[in-house]
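Here the structure is a predicted model, which is why all the values come from computation and not from measurement. Throughout, a chain's letter reflects where its sequence line sits, starting with A, and its residues are numbered from 1.
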2 protein chains.
Amino acid sequence: MKKAKRARLAAGGWRVGTAAQFLCLSAEESALVETKVTLSQALRRKRVVLGLTQHQLARRLNSSQSRVAKMEAADRSVSIDLLLRGLFALGATIGEIGRVLQRIAA
Amino acid sequence: MKKAKRARLAAGGWRVGTAAQFLCLSAEESALVETKVTLSQALRRKRVVLGLTQHQLARRLNSSQSRVAKMEAADRSVSIDLLLRGLFALGATIGEIGRVLQRIAA
DNA sequence: TCGGGATATGTCAGAATAGACATAGATGCA
DNA sequence: TGCATCTATGTCTATTCTGACATATCCCGA
């Protein structure tokens, strides 16, 4: 969040914190969630860049459109394993995924 | 595998290939397995460096020694989610995990 | 050789996740 | 507006994963 926006919200009486704070997540839990969200975003980005629909990706994964939608939404019912399977099915490499993870840490 | 060893084995009549070839894994499947094995190795390394036993790590994870053993052995019954939980419980950062994944790609 | 801690392996009941389907909402075009 | 396509959400059952326990194996110091 930009400092300016943070200041605006604070001025308006909003208490500003991270999602992790709001949900009372421990450091480990939020790292896991952050990883998951990052991978789900990478999945959507990669699918869109390749010009595929959720349905098309689902067929590659022997899965369903609704599951792909949940993957991209980082739904509770989606595992990191499944997200990685999706990314690899779209041609991602391990190194590419490593880079994506390093980027959010910066 | 070193070239010399490969040559020795070939000379001895062995057919030399990767584990993925032997197990008939697709590119996606083997990427997933490679990721899993890499993370399991990172977990063991990190645990040993910290001087913890499997039992001690298990307690941090609210799990059992036997499960930690399986995690480090990259057992079929272990998810990547669980491996990441283990790594984060040992203080690993997302960036650190990203680096580990990039390294094997090199 | 024994004893004790650490690690490995097999199994199981319960919890979490998977694919599938129905359906709702969104978007764009004729 | 009506229709077609894409995406989102809720729910079901089957499968997979998880913690726990029992037990086996390994390793080392006394």
Side-chain angles (χ1 to χ4, degrees), chain A residues 19 23-26 28-90 92 97, chain B residues 19 23-26 28-90 92 97:
Chain A
L23 295 169
C24 300
L25 297 183
S26 69
E28 293 109 54
E29 287 168 325
S30 60
L32 203 65
V33 171
E34 198 175 354
T35 302
K36 195 161 150 178
V37 169
T38 301
L39 293 176
S40 70
Q41 291 170 341
L43 182 71
R44 160 157 288 173
R45 202 166 45 242
K46 207 158 176 58
R47 174 181 66 80
V48 170
V49 165
L50 292 174
L52 296 174
T53 66
Q54 291 182 344
H55 186 76
Q56 289 172 317
L57 172 53
R59 284 176 49 96
R60 286 201 198 184
L61 290 168
N62 293 318
S63 183
S64 58
Q65 177 268 325
S66 60
R67 185 131 298 273
V68 173
K70 282 171 222 241
M71 288 164 77
E72 296 185 351
D75 188 276
R76 296 184 50 70
S77 77
V78 169
S79 71
I80 289 181
D81 293 67
L82 188 61
L83 290 173
L84 290 177
R85 252 181 268 150
L87 283 163
F88 290 136
L90 290 178
I97 290 168
Chain B
L23 295 170
C24 299
L25 297 183
S26 69
E28 293 109 54
E29 286 168 326
S30 60
L32 203 66
V33 170
E34 199 176 354
T35 302
K36 195 161 151 179
V37 169
T38 301
L39 293 176
S40 70
Q41 291 169 341
L43 183 71
R44 161 156 289 173
R45 203 165 46 240
K46 206 156 177 62
R47 175 180 65 80
V48 171
V49 165
L50 293 174
L52 297 174
T53 67
Q54 290 182 345
H55 186 76
Q56 289 172 315
L57 172 54
R59 284 174 46 100
R60 288 201 197 185
L61 290 168
N62 294 317
S63 183
S64 59
Q65 177 269 325
S66 60
R67 187 131 296 276
V68 173
K70 283 170 222 237
M71 287 163 78
E72 296 185 352
D75 188 275
R76 295 183 46 71
S77 78
V78 170
S79 71
I80 289 181
D81 294 65
L82 188 61
L83 289 173
L84 289 177
R85 254 182 268 150
L87 283 163
F88 290 135
L90 290 178
I97 290 168

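Applying the 4.0 Å criterion to OP1 and OP2 of D/dG10, one finds that A/Arg76 has every side-chain N and O outside that range. In this structure, A/Ser79 reaches the C/dA18 phosphate: one of its side-chain N or O atoms is under 4.0 Å from OP1 or OP2.
Note on B/Ser64: a base of the nucleic acid sits closer than 4.0 angstrom, heavy atoms only. Within the 4.0 angstrom heavy-atom criterion, only backbone atoms of the sugar-phosphate kind lie near B/Asn62; the bases stay farther away. Looking at heavy-atom distances under 4.0 Å, B/Ser63 makes contact with sugar-phosphate atoms alone, never a base. Using a 4.0 Å heavy-atom cutoff across all strands shown, A/Val68 reaches no nucleic acid atom at all.
Side-chain proximity of A/Lys70 to C/dG10, C/dA20, D/dT18: nearest is C/dA20. Of all nucleotides listed (C/dA22, C/dG10, D/dG19), C/dA22 comes nearest to the side chain of A/Ser66. When distances are taken from the side chain of A/Arg44 to each of D/dT7, D/dT18, C/dA6, the shortest belongs to D/dT7. Taking every side-chain heavy atom of A/Gln54 into account, D/dT7 is the closest of D/dT7, D/dG10, D/dG19. Considering only the side chain of A/Arg67, C/dA18 comes nearest among D/dT18, C/dT7, C/dA18. Listed candidates were D/dG19, C/dA8, D/dA8. Nearest to the side chain of B/Gln65 is C/dA8.
Between B/Glu72 and B/Val68, the closest side-chain pair of non-hydrogen atoms falls below 4.5 Å.
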Can A/Glu28 and B/Arg85 be said to form a side chain to side chain contact (heavy atoms under 4.5 Å, CB included), step by step? CA-CA 7 Å; A/Glu28 293 109 54; B/Arg85 254 182 268 150; over 6 Å; no
CA sep, side-chain torsions, deciding dist, call: A/Gln65, A/Arg59, side chain to side chain contact (heavy atoms under 4.5 Å, CB included): CA-CA 8 Å; A/Gln65 177 268 325; A/Arg59 284 176 49 96; over 6 Å; no
Applying side chain to side chain contact (heavy atoms under 4.5 Å, CB included), run through B/Leu61 and B/Met71 and close with a yes or a no. CA-CA 12 Å; B/Leu61 290 168; B/Met71 287 163 78; 4.0 Å; yes
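Distance B/Met71 CE to C/dA6 P: 18 Å, rounded to the nearest Å. Atom CG in B/Leu82 sits about 17 Å away from atom P in D/dT16, given to the nearest Å. Following rounding to the nearest Å, B/Leu61 (CG) and D/dA20 (C1') show an atom-to-atom distance of 15 Å. Nucleotide D/dT25 holds its P atom 20 Å from the CD atom of B/Glu72, rounded to whole Å. Nucleotide C/dA18 holds its C1' atom 8 Å from the CZ atom of A/Arg85, rounded to whole Å. Between the CG atom of A/Asp75 and the C1' atom of D/dT11 there is a distance of 12 Å, rounded to whole Å. The distance between atom CG of A/Leu83 and atom C1' of C/dA18, rounded to the nearest whole Å, is 13 Å. Here D/dT16 presents its C1' atom at 16 Å from CD1 of A/Ile80, a figure rounded to the nearest Å.
Heavy-atom minimum distance, B/Asp81 versus A/Leu32: O-CD1, 4.1 Å.
Between B/Asp81 and B/Thr53, it is B/Thr53 whose nearest contact on DNA chain C lies nearer the 5' terminus.
A distance-only check finds a donor-acceptor pair linking the side chain of B/Lys36 to the backbone of B/Val78 [under 3.5 Å].
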